[in-house]
Amino acid sequence: MATPVTAPHSQTPAAQGRPLATAPTRVAGGQVPARGRTVRQAPKAVHPGLHLRAAVERVLPDPAGQAAVAELMAGLAWTAAAGETCLLTRPVADVRRAIAAIAAADTPAARAALDHAAAALLDVPALPVPRPATAFERRSI
């Protein structure tokens with residue numbers, strides 16, 4: 001028994017009269033464009049305390065402001081969430097001292113503590129960049 005032959009589906013390239021596989025298009029210079037390659041970027045050094053430093057710099061001009069304590073607490077929260085509190089013990093202690101001074105309405109003590117924290121945060125070294133694994137180390141995982 002013979003099977004009936006059906007017409008090609010109207011959406012296929014063969015039904016529309018186009019070839020199934022097309023040759024790569026050439027650009028102006030007669031060259032076939034190369035495929036996009038992803039270039040792996042080298043990891044950048046991590047500078048701990050960026051959010052805490054930004055919070056201190058925003059509060060330093062006016063430590064008696066309404067949002068000063070909230071801003072410093074947010075900087076401490078970012079530092080704790082990033083796991084950097086143990087790396088920044090002195091600046092964190094200075095910021096906590098500034099928060100206590102602001103709560104006690106002692107603006108000169110708060111400004112002095114924030115100055116110490118800002119100076120200590122400028123001296124924090126960058127964390128080293130991890131080296132890429134060798135081929136042997138990648139195979140042995």
Side-chain angles (χ1 to χ4, degrees), residues 2-141:
T3 58
V5 177
T6 59
H9 192 272
S10 63
Q11 299 297 325
T12 61
Q16 296 173 356
R18 293 181 306 178
L20 292 178
T22 59
T25 57
R26 302 210 180 257
V27 291
Q31 305 256 340
V32 176
R35 289 187 180 261
R37 293 189 183 114
T38 58
V39 178
R40 186 181 305 183
Q41 297 291 328
K44 295 180 181 177
V46 177
H47 294 281
L50 289 177
H51 291 285
L52 187 61
R53 183 182 314 155
V56 168
E57 288 173 357
R58 281 192 293 270
V59 172
L60 199 53
D62 184 23
Q66 291 179 335
V69 173
E71 188 72 41
L72 293 174
M73 293 293 280
L76 287 174
W78 271 101
T79 304
E84 299 170 345
T85 306
C86 59
L87 300 172
L88 306 169
T89 54
R90 178 148 309 168
V92 167
D94 289 334
V95 169
R96 289 178 180 158
R97 193 173 324 115
I99 290 171
I102 291 170
D106 189 3
T107 306
R111 188 178 304 278
L114 290 174
D115 284 336
H116 285 283
L121 285 168
L122 289 176
D123 294 337
V124 174
L127 296 177
V129 176
R131 65 174 178 77
T134 63
F136 175 76
E137 291 171 335
R138 285 192 300 264
R139 278 190 306 241
S140 64
I141 294 178

So, for [X] and [Y], which heavy atoms are closest and what is the spacing to 0.1 Å?
X: G49; Y: E84; answer: N-OE1, 2.9 Å
X: P48; Y: A126; answer: CD-CA, 4.4 Å
X: L121; Y: R53; answer: O-NH2, 2.9 Å
X: V56; Y: A117; answer: CG2-CB, 4.4 Å
X: T85; Y: R96; answer: CG2-NH2, 4.5 Å
X: A64; Y: T107; answer: CB-OG1, 3.9 Å

Is there a side chain to side chain contact (heavy atoms under 4.5 Å, CB included) between T79 and V95 once you walk through the steps?
CA-CA 12 Å; T79 304; V95 169; over 6 Å; no

Can you check whether D94 reaches R97 side chain to side chain, under 4.5 Å on heavy atoms?
yes

Check: L72 and I102 side chains under 4.5 Å, non-hydrogen atoms:
yes

Please assess L88 against V124 for the test side chain to side chain contact (heavy atoms under 4.5 Å, CB included), listing each intermediate value before the final yes or no.
CA-CA 8 Å; L88 306 169; V124 174; 3.4 Å; yes

How long is the span from the CG atom in D106 to the CZ atom in R111, to the nearest 0.5 Å?
11.5 Å

